[in-house]
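Every value quoted in this text rests on a predicted model; they were computed, and no experiment measured them. Order of the sequence lines fixes the chain letters, A, B, ..., with proteins taken first and strands second; residue numbering starts at 1 for each chain.
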Amino acid sequence: MEPAENNTRSLNFIETIIEEDLQNNKNNGEVHFRFPPEPNGYLHIGHAKSICLNFGLAEKYNGLCNLRFDDTNPTKEETEYVDSIKEDIRWLGFQWENELFASNYFDQLYTWAVQLIKQGKAYVDEQSQEEISRQKGVPTRPGTESPYRNRPVEENLLLFEKMRNGEVPDGSMVLRAKIDMSSPNMHLRDPIMYRVLHAEHHRTGNKWSIYPMYDFAHGQSDYIEGITHSLCTLEFEIHRPLYDWFLDQLAEEGRPRPRQIEFARLNLSYTVMSKRKLLKLVEENLVTGWDDPRMPTISGLRRRGYTPESIREFADRIGIAKRDNVIDVGLLEFSVREHLNKITPRVFGVLNPVKVIITNYPEGKEEMLTLINNPEDDAAGTRQVPFSRELYIEQDDFMEEPPRKFFRLGPGREVRLKGAYIIKCEDYKKDENGQITEIYCTYDPETKSGSGVQRKVKGTLHWVSVQHALNAEVRLYDRLFLDEDPAGHKDRDFKEFLNPDSLKVLQNCMLEPSLKDAKQGDKVQFQRLGYFCVDKESSPEHLIFNRTVPLRDSWKRK
RNA sequence: UGCCCGAUGGUGUAAUUGGCAACACGUCUGACUCUGAAUCAGAAGAGUCCAGGUUCGAACCCUGGUCGGGCAACCA
């Protein structure tokens, strides 16, 4: 196997480590990863980065990747989240080797805890939370030792037993590792291993009244599963000495010993990424749910019309490193456009319709015109679109007093109706508000598309035949926040930066009839406008399209 | 004022491990165009946080600073 040889792309720092390990035949040349979400919320694009990293590395180096739910805190975790997480990972296109739970290891963890007690390396502390936290000291000053720190092993054993048996109330006791209260690393100041929690666990029910803390569970879970490279985000860097300390006590010779490696989490401009903040948006109904198309959640992006391929491509583009970063949301948008451009059929949809009447086109006549479905994909074929005397075009495509560089319709101007004819604006009608109500045009029968005419006009418009048009609702989504870094302001709440126009709902949009049977999730390009997909709330009676992302627009930008 | 990380165009990531900074997004030109899209061609934009040092040669090594992030939950 020569992973990197047919790929000239340079390695990121984690791949470099892995290839070194492989070369040294560390862990018998095997690599095993895991993605370890806590089932306390929905996955977001930041998790996607981690998923793509772990599963991607497993694929690249012919290894395995587990899915492990880090479910050590029953007060926050729910099955609903387990299910959504699995769905999202599968949707992204990855398959885990084993579906596991940290709670699978509660017995083993308990055994290890007892072992540490017996070795005099753990003790039961009966002080209050406040007391313990006070003794912990501050980063710049050492802590002080608990009065219970040196109680006899037998007593510790007995008390720990009581904790497990549910004989003591929540918060009354904890099991602590005996390490070093004066360590400059706060996490080494006798960290808590177990707390008493009389809570029902989503998997173990009421079996336990004590639950291990992250630090006592994570590394050992990795070890049990034979994980070789345990990848996590930077905030766990300071935990690594503790991760290693537990393994030093418990790991046996000859078994793969996991190595924790930290990388920088993803930050995206114009959004927030913390589960807490996302939960807030959901709870306060500032969005419609975890899968609101404006959310950076996987389910939100899916509903918005993103493809798994585009997200994986994005994850690939942003790279892996250790420095803090903020990725321009434009890069995400570029990634979807790139994919959608290749795969979506082009269709006509008029979002803000205004009627065009072609005065020299026979009344009652209609013809079927042949349109190319996707110029990027010959296999996509063609479709028939009805043309008739009365059409809808976009309001934006007509101006009473257009500037020179406006290539669209205006009094006396000519444009091509895509796939149809060149028309000329002869007249128009306004209502009392100055709103254009009807535009009168003549068409040139000699200019039918495909007839070989050479006459050129600068502008090309999309259109929909009035009598054949499908009525639809279209939801235009924009970024959720107006500020590049809504969570980055010390004195302002991130919600102050919500974009009031992040959703515009348009009714009575006019679509070409081929969209009649569009199904949930179908993706199309409304020509000249953007990429859209059929929302889950859509029905044949009431079509609803979400705008995934607009087309690049070098006209509007000026 | 402790400890741990980090610092390369506007944004991200690279640089064959010491050999005169590359790629992508973005921006700007232009070509093409029956999508002002896509595509194609080109341009601008950093001299690698700063100051020393080692070296024929430093983004890479050393020293000292500066700035940014993280760490004081019975959360993960």
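- To the nearest whole angstrom, the two P atoms, one in B:U8 and one in B:C50, are 11 Å apart.
- In this structure, A:K418 has no side-chain hydrogen bond (donor to acceptor under 3.5 Å, both in side chains) partners at least two apart in sequence or on a different chain.
- Applying the side-chain hydrogen bond (donor to acceptor under 3.5 Å, both in side chains) rule to A:K86 yields the partners A:E99; only residues at least two apart in sequence or on another chain are considered.
- For A:N40, the side-chain hydrogen bond (donor to acceptor under 3.5 Å, both in side chains) partners at least two apart in sequence or on another chain are A:E38, A:K275.
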Counting Watson-Crick and G-U wobble pairs with both distances under 3.5 Å, what is the dot-bracket string for RNA chain B, 5' to 3', using [ ] for crossing pairs and | for pairs to another strand? .((((((..((((.....[..)))).(((((.......))))).....(((((..]....))))))))))).....
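- Listed by chain and number, the residues in a ring pair (Phe, Tyr, Trp, His ring centres under 6.0 Å) with A:H187 are A:H239 (sequence neighbours excluded).
- Heavy atoms of A:F263 sit nowhere under 4.0 angstrom from any nucleic acid atom.
- In the model, A:Y270 has no side-chain atom that pairs as donor or acceptor with a side-chain atom of A:D485 under 3.5 Å.
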Any chance you could list the contact pattern along nucleotides 13-25 of chain B? Use B for base contacts, S for sugar-phosphate-only contacts and - for none, protein heavy atoms under 4.0 Å, 5' to 3'. SS--B------SS
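- Among the atoms of the strands shown, none is found under 4.0 Å from any heavy atom of A:V457.
- Listed by first and then second residue, the ring-ring contact (aromatic ring centres under 6.0 Å, His included) pairs that reach into residues 159-183 of chain A are A:Y110-A:F160, A:F160-A:Y194, sequence neighbours excluded.
- Of the residues in residues 481-490 of chain A, none has a non-hydrogen atom less than 4.0 angstrom from any atom of RNA chain B.
- By the ring pair (Phe, Tyr, Trp, His ring centres under 6.0 Å) test, A:Y148 is found to be paired with no residue, residues two or more places apart in sequence or in another chain being considered.
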Along nucleotides 70-76 of chain B, 5' to 3', which nucleotides get a B, which get an S, and which get a -, given that the test is a protein heavy-atom distance under 4.0 Å? BSB-BSB
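- At B:G36, none of the side-chain N or O atoms of A:K458 fall inside 4.0 Å of OP1 or OP2 (strictly under the cut-off).
- The side-chain hydrogen bond (donor to acceptor under 3.5 Å, both in side chains) search around A:E161 returns A:R164, not counting sequence neighbours.
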Just the atom pairs and distances: protein N or O near nucleotides 37-45 of chain B's N or O, under 3.5 Å.
residue, atom, partner, partner atom, Å
B:A37, OP1, A:S554, OG, 2.9
B:A38, OP1, A:R552, NH1, 3.3
B:A38, O2', A:N341, ND2, 3.2
B:A38, O2', A:E376, OE2, 3.0

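- At a threshold of 4.0 angstrom between heavy atoms, the contacts of A:G459 with the nucleic acid are absent.
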